[in-house]
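Just below is one structure, and these are the notes that go with it.
Note: hydrogens, waters and symmetry copies are ignored here, and every other heavy atom, side chains too, is used. Quick note on labels: first sequence line is chain A, next is B, and so on, each numbered from 1.
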2 protein chains.
Amino acid sequence: MKALGTHIVCELSGCTPSILTDVDAVREMMIGAAEASRATIMEVAFHRFQPQGVSGVVVLAESHISIHTWPEMGYAAMDFYTCGDHTDPWLACEHAARVLGAGNMITTEVKRGVIQSGHNQFTHIVTRDHDSRVLSA
Amino acid sequence: MKALGTHIVCELSGCTPSILTDVDAVREMMIGAAEASRATIMEVAFHRFQPQGVSGVVVLAESHISIHTWPEMGYAAMDFYTCGDHTDPWLACEHAARVLGAGNMITTEVKRGVIQSGHNQFTHIVTRDHDSRVLSA
């Protein structure tokens, strides 16, 4: 199967609330995650909500990484989506979980931009469904 | 099942190449998609690649919408992720498919931020896997 990209849908629980509410710390973590995956950063956009919570995206030459945080629940919803053989979104995912101090990580991996034979149509395939990992945070 | 959000992973094929390569047209479509879903736009970030292709994200008060285009293949990889009962990411998805002139749409819906009973841990559940729709573009 040839896919243009790999997209990881990721829920991180038990994260450090003080990081999840700090837009500068979240932005720095996201840039570090992009670099860890060997991707190239094109744009960044972050927003700090009141009373708490951060949303942000790093647009890559190879797709994007996103985060939405609920500090009051220690929860971050993240996506790691990169294209090309030179990148590895799992490296970004592991970086994020480590920096955020996550205690639990649940991920689903989707291969995207899979060409259907005989058509000029693209599909996606869930390749790892609902992996659960307890982290030694 | 109570989920914080709904995330649609979407592959659009047979799109109009001239739109997919036009960063202004893509940005306008994305803003329209966010509005269609009844979400509130907080930030936008777009990039036009050389020789072709656009990547961009609209950060919402309710999560995000993203796009990555391959005009030479008529292909757009999109995500529609919104939180809260007042939004409907399917309205954004249908808006995007219509404006881009997609001939085929493949989607997977994931419920995110699902709390696991007895834990303070969040998971996600694939609720509609790999829906394929031929569009009358």
Side-chain angles (χ1 to χ4, degrees), chain A residues 4-5 7 9-15 41-49 53-68 70 73-79 81 83 102-108 110 112-116 119-126 129-130 132 134, chain B residues 4-5 7 9-15 41-49 53-68 70 73-79 81 83 102-108 110 112-116 119-126 129-130 132 134:
Chain A
L4 292 175
H7 186 154
V9 177
C10 174
E11 324 294 324
L12 294 174
S13 300
C15 301
I41 296 169
M42 309 310 287
E43 310 278 343
V44 297
F46 285 82
H47 186 82
R48 164 75 156 84
F49 294 95
V54 170
S55 280
V57 179
V58 178
V59 178
L60 308 171
E62 303 88 352
S63 295
H64 73 266
I65 300 175
S66 69
I67 187 167
H68 307 285
W70 285 259
M73 299 191 275
Y75 167 57
M78 298 194 67
D79 292 87
Y81 176 19
C83 292
N104 183 268
M105 176 167 90
I106 288 178
T107 52
T108 289
V110 184
R112 302 191 60 172
V114 176
I115 192 84
Q116 296 186 300
H119 301 278
N120 214 6
Q121 288 176 1
F122 292 87
T123 188
H124 55 237
I125 297 170
V126 174
D129 188 11
H130 202 269
S132 182
V134 177
Chain B
L4 292 175
H7 186 154
V9 176
C10 174
E11 324 293 324
L12 295 173
S13 301
C15 300
I41 296 170
M42 308 309 288
E43 309 278 343
V44 297
F46 285 82
H47 186 82
R48 165 76 156 82
F49 293 96
V54 170
S55 280
V57 179
V58 178
V59 178
L60 307 171
E62 303 88 351
S63 293
H64 73 267
I65 300 175
S66 69
I67 187 167
H68 306 286
W70 285 258
M73 299 190 275
Y75 168 57
M78 298 193 68
D79 292 87
Y81 175 19
C83 292
N104 183 269
M105 176 166 89
I106 288 177
T107 52
T108 290
V110 184
R112 302 190 61 172
V114 176
I115 191 84
Q116 296 186 297
H119 300 279
N120 213 4
Q121 289 176 1
F122 292 88
T123 187
H124 55 237
I125 297 170
V126 174
D129 188 12
H130 201 270
S132 181
V134 176

*Atom CD1 of A:Ile115 and atom CD of B:Glu11: how far apart are they, to the nearest 0.5 Å?*
11.0 Å
*Max heavy-atom pair count under 4.5 Å with chain B, selected residue of A:Val110, A:Asp129, A:Leu4, A:Val126*: A:Leu4
*asked:* Using a 4.5 angstrom heavy-atom cutoff, name the option from A:Val59, A:Thr108, A:Val44, A:Asp79 with the most pairs to chain B.
replied: A:Asp79
*Relative to each other, are the rings of A:Tyr75 and B:Phe122 parallel, tilted or perpendicular (30° and 60° limits)?*
parallel
*Indicate the atoms forming the closest heavy-atom contact of A:Val9 with B:Arg112, along with that distance.*
CG1-CZ, 3.4 Å
*asked:* As an exercise: rank B:Ala45, B:Ser63, B:Ser55 by heavy-atom pairs under 4.5 Å with chain A and give me the winner.
replied: B:Ser63
*Options A:Thr107, A:Leu12, A:Val114, A:Ile125, ranked by heavy-atom pairs under 4.5 Å with chain B, top entry*: A:Thr107
*Between A:His64 and B:His68, how do the two ring planes meet: parallel, tilted or perpendicular, split at 30° and 60°?*
parallel
*Where does the angle between the aromatic ring planes of A:His124 and B:His130 fall among parallel (under 30°), tilted (30 to 60°) and perpendicular (over 60°)?*
perpendicular
*Contact class of B:Ser66 relative to chain A, heavy atoms under 4.5 angstrom*: side chain
*Pick whichever of A:Cys83, A:Cys10, A:Gly74 has the most heavy-atom pairs under 4.5 Å with chain B.*
A:Cys10
*Give, as side chain, backbone, both or neither, the part of A:Tyr81 having an atom under 4.5 angstrom from any heavy atom of chain B.*
side chain
